[in-house]
Each structure stands twice: as structure tokens, then as C-alpha cells.
Amino acid sequence: MFVVDPIERLRPAKDSSVALMQAAQRAGLAVWVCTQADLSTAGAEDGTHRPRAWARPLRLADVRPADEDWIVPDPWYEAGEARELPLDHFRWIWMRKDPPVDEAYLYATQLLEMAEVFGVQVLNRPAALRAWNEKLGALRFSAWMAPSLVSARVEQLAAFAAGHEEVVLKPLAGRAGQGVVRTTAAAPGLRALLELVTQQEQLPVMVQAFLPGVSAGDKRILLVNGEPLGAVNRLPKAGEFRSNLALGGAPVAAGLTDTEQRLCADLGPVLRAEGLFFVGIDVIDGRLSEINVTSPTGVREVERLGRLPLADLVIERLLS
């Protein structure tokens with residue numbers, strides 16, 4: 001079962017969740033879907049609480065790559081009637097709800113965590129989803145990162161900016177490059193900007209030394225059970241330093257450098273131990289930027305540009 005945003009909102013030519021659903025179907029698995037609002041728990045006669053979900057079975061049409069995009073049938077899926085089922089009806093549950101990681105998301109992870117008691121494998125592990133903020137989690141491997149600081153204090157942030165030619169401000173709850181700002185210590189209104197992004201010193205943000213190498217791309221590397229299986233480089237559009245695909249970044253086929261291989265080798269054992277089965281890391285000029293654990297994207301781009309059946313390889317690893 002996949003816990004996702006409403007199925008009608010998913011984009012089959014873009015969303016990694018759809019790619020994984022289709023690969024699971026090709027592997028002979030029954031595919032079900034629900035939203036986090038469909039999760040619940042109810043008391044049983046023995047006094048235990050058994051987590052449940054209102055889920056719908058899916059039948060997905062084949063989506064094929066073309067030179068510039070994907071060929072998507074209309075309709076691209078058929079959904080059966082919703083049924084209330086115990087979560088242990090499913091062998092695997094993918095938590096693929098997009099951020100924000102808000103109260104509803106956190107409660108959903110707690111309900112899914114209850115399913116682990118009944119032998120269900122939840123991907124990624126709910127406890128890790130709560131513990132690994134996608135920016136703060138990267139700090140566990142700070143030796144691989146650009147110089148970084150996390151603080152809510154304007155003086156600390158301004159002093160960090162003064163020690164570097166250019167910096168990037170990142171909201172800790174941001175996604176897809178939203179709210180990321182490039183600035184300098186000499187920029188007019190820097191302190192006002194810092195007051196704004198920290199909500200008057202109430203909310204910590206990350207500030208990092210700007211990496212000029214981002215002009216050559218921000219590489220998304222997808223790791224499955226700690227091993228890199230595919231990558232795509234994302235080039236920023238003209239006049240933009242952010243290379244996120246949602247902001248107009250252009251995907252190009254990419255392999256891994258020796259440095260990136262060593263980075264993945266460092267991360268792999270920790271990700272496996274934490275139950276982070278499917279992870280997307282962002283790397284700029286050999287430096288780790290973020291570790292994406294909630295709903296990593298990039299599968300479609302790797303499949304089309306690299307002619308690699310990545311989603312099938314992911315499901316193969318899951319079943320092995």
C-alpha cells in the first residue's frame with residue numbers, strides 16, 4: 001500500500017510514487033493506495049489497538065518513456081472501491097506523502113509505526129521520518145558539507161555571512177527549493193531578512209557557504225537500502241542558482257564520480273541501520289546538500305534519460 005497525496009493529484013510522468021506503484025504491479029504485487037487521512041486505529045476485543053486504513057486497490061496503465069517526456073494513457077489508473085483493512089493486511093507500506101512535515105504527517109507516522117508491531121515493513125521507517133529533517137539530517141555527515149550553521153539568532157547568522165563571500169539561507173521545513181535565498185553580508189537589509197526568515201528569532205534556519213559549482217548542476221543520487229542505483233544532474237535555468245526541477249531546472253543524465261561513490265559508501269550503513277530504504281541525496285560539486293527521506297523524486301528522470309529501469313530495480317531490492 002502507498003500512503004500518498006490524493007491519487008488524482010499525482011502526475012504519472014513526474015512522480016516517483018507512480019513509478020514505484022507501476023513497478024510493484026509489474027512484479028505481480030497488488031497495489032493499494034490511501035491518504036494519511038485514511039489511517040485510523042480501533043480497539044480490539046483483546047484490548048489492543050490495531051491500525052487500519054480505508055484503502056483502494058489500483059490498476060495502473062503502462063506509462064512509456066519518449067524522447068522528451070512520457071506517453072501517458074488517459075485514464076492512467078483505475079481505482080476500486082475503498083475498503084477498511086487492518087494495516088497488517090499489507091506486507092509493505094510506502095509512506096510517500098509529500099511535505100510539509102506537519103502535525104498530520106507526524107501523527108500518520110505514529111499510526112504507521114503501530115503497524116510495525118504486526119510485522120509490516122514501512123518504507124521509510126516512521127521513526128526515521130520523524131528524526132531525519134532533510135536538512136538537519138545531512139549534518140550527521142557535516143564533513144561532506146559546505147560550511148553550515150543552524151540558528152535562530154540574527155547575530156550568529158550575520159556573523160557567519162560575514163565570514164563567507166556569499167551564503168545561502170534555507171528554511172528547515174522548505175522543499176523543492178522554496179524559500180532558499182542567496183545573499184551576502186554586505187547586502188542591504190540583510191538583518192531585516194534574517195529577522196523575517198527566523199520569525200523574529202523564534203525559528204532556526206540553516207545558512208551555508210554558497211557553492212559556485214552549482215552552476216554545473218545539483219545532482220540527485222537515489223540510494224536503495226544504502227546503495228546508489230541511479231542519478232540525475234539538474235542544471236539551473238538562466239539567472240537562477242536553484243536547480244530544483246520544480247523551479248525550472250533541466251535534468252540531464254549523470255553517473256557518479258569517485259568522490260560521490262565514497263560519499264554514498266559513508267552514508268549507506270547509517271541509512272540501512274535507520275530503516276531509510278529509499279533516499280535521495282543532493283550533491284553539489286562533491287558536497288552533500290540534503291538527504292531527502294519523505295518522498296524522494298528523480299526516478300522518472302533517471303529512467304528516461306539513463307534508460308535504466310530504476311523503479312523495477314527498487315522493487316527487486318525490496319523483494320530480495
Side-chain angles (χ1 to χ4, degrees), residues 95-102 105-106 109-110 112-113 116 121-153 156-157 160 163-164 167-180 197-198 203-211 213-214 218-231 244 256-298 314 317:
M95 177 50 164
R96 293 279 307 175
K97 169 70 177 68
D98 279 344
V101 179
D102 53 13
Y105 186 97
L106 294 175
T109 66
Q110 291 168 339
L112 291 171
E113 196 166 34
E116 293 181 316
Q121 184 178 0
V122 183
L123 312 160
N124 288 316
R125 185 177 293 163
L129 289 174
R130 293 193 299 271
W132 284 69
N133 173 276
E134 299 186 336
K135 295 173 179 63
L136 293 177
L139 293 173
R140 304 187 191 204
F141 306 94
S142 58
W144 283 101
M145 298 177 69
S148 305
L149 170 73
V150 175
S151 177
R153 299 300 183 191
Q156 279 185 291
L157 297 167
F160 183 93
H164 299 84
V167 296
V168 174
L169 291 168
K170 296 181 176 180
L172 297 181
R175 60 181 293 266
Q178 296 172 359
V180 177
V197 297
T198 62
L203 191 69
V205 298
M206 175 178 281
V207 60
Q208 291 183 313
F210 174 69
L211 297 174
V214 73
D218 179 348
K219 190 176 294 186
R220 166 60 56 87
I221 303 172
L222 293 167
L223 295 96
V224 177
N225 205 25
E227 296 184 24
L229 287 192
N244 307 77
L256 299 188
T257 66
D258 290 343
T259 297
E260 291 160 350
Q261 292 278 11
R262 292 195 299 273
L263 167 61
C264 291
D266 270 3
L267 270 61
V270 179
L271 300 178
R272 281 194 297 273
E274 292 283 322
L276 292 169
F277 178 78
F278 187 63
V279 170
I281 65 172
D282 296 337
V283 181
I284 300 170
D285 197 17
R287 298 286 195 119
L288 178 64
S289 176
E290 295 184 15
I291 300 177
N292 299 274
V293 302
T294 52
S295 55
T297 60
V314 174
R317 294 294 179 94

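In this chain, numbering begins with 1 at the start of the sequence shown.
- Using a 4.5 Å cut-off on side-chain heavy atoms (C-beta onward), Gln208 and Leu169 make no contact.
- Leu139 and Val150 get closest at one heavy-atom pair: CD1-CG2, 3.8 Å.
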Go through it in stages, so that I can follow the logic: the residues are Val293 and Glu274, the test is side-chain contact (heavy atoms from CB on, under 4.5 Å), and I'd like the CA-CA distance, side-chain angles, deciding distance and then a yes or no. CA-CA 11 Å; Val293 302; Glu274 292 283 322; over 6 Å; no
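- With respect to Glu227 and Arg317, a salt bridge is recorded, a charged nitrogen being found less than 4.0 Å from a carboxylate O.
- Between the CD1 atom of Ile221 and the SG atom of Cys264 there is a distance of 4.5 Å, given to the nearest 0.5 Å.
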Dump the intermediate steps for side-chain contact (heavy atoms from CB on, under 4.5 Å) on Leu222 and Arg220, then the final yes or no. CA-CA 7 Å; Leu222 293 167; Arg220 166 60 56 87; 4.1 Å; yes
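- Across all their heavy atoms, Ser151 and Leu157 have their closest contact at O-CD1, 3.7 Å.
- A heavy-atom distance below 4.5 Å is not found between the side chains of Trp132 and Asn124.
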List the steps, then state whether side-chain contact (heavy atoms from CB on, under 4.5 Å) holds for Met206 with Leu149. CA-CA 6 Å; Met206 175 178 281; Leu149 170 73; over 6 Å; no
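- Here Phe278 contributes atom CZ and Arg96 contributes atom CZ; the two are 5.5 Å apart, rounded to the nearest 0.5 Å.
- Here the CG-CG distance, from Leu123 to Leu276, works out to 10.5 Å after rounding to the nearest 0.5 Å.
- Under the 4.5 Å side-chain criterion, counting only non-hydrogen atoms from C-beta, Tyr105 is in contact with Thr294.
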May I have the step-by-step check of side-chain contact (heavy atoms from CB on, under 4.5 Å) for Val122 and Glu113, ending in yes or no? CA-CA 8 Å; Val122 183; Glu113 196 166 34; over 6 Å; no
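- The environment of Asp102 atom CG is dense: over 12 non-hydrogen atoms of other residues, nucleotides or ligands sit within 6.0 angstrom.
- Without hydrogens or angle criteria, Asp218 side chain to Asp282 main chain gives no donor-acceptor distance under 3.5 Å.
- Using modelled atom types and a 3.5 Å distance limit, the side chains of Ser148 and Lys170 yield no donor-acceptor pair.
- Stacking of Arg262 on the aromatic ring of Trp144 is not recorded, the 6.0 Å distance cut-off and the 45° axial limit not both being met.
- When side chains are defined from C-beta on, Leu263 does not count as touching Gln261, because their heavy atoms never get closer than 4.5 Å.
- When all heavy atoms of Arg140 and Ala131 are compared, the pair lying nearest together is NH2-O, 3.7 Å.
- Closest heavy-atom contact between Pro228 and Leu256: CB-CD1, 3.6 Å.
- Minimum interatomic distance between Val270 and Asp266 (heavy atoms only, all atoms of both residues): CG2-O, 4.2 Å.
- Across every non-hydrogen atom of Ala209 and His164, the tightest pair is CB-CD2, 3.6 Å.
- When side chains are defined from C-beta on, Leu267 counts as touching Ile291, because their heavy atoms get closer than 4.5 Å.
- With contacts defined as side-chain heavy-atom distances shorter than 4.5 Å, the pair Arg130/Leu106 qualifies.
- Interatomic distance, Met145 CE to Leu211 CG, rounded to the nearest 0.5 Å: 9.5 Å.
- Between Ile281 and Glu290 there is no side-chain heavy-atom pair separated by less than 4.5 Å.
- From Gln156, atom CD reaches atom OG1 of Thr198 across 11.5 Å, with rounding to the nearest 0.5 Å.
- When side chains are defined from C-beta on, Val167 counts as touching Phe160, because their heavy atoms get closer than 4.5 Å.
- The OG1 atom of Thr297 sits 7.0 Å away from the CG atom of Asn292 when rounded to the nearest 0.5 Å.
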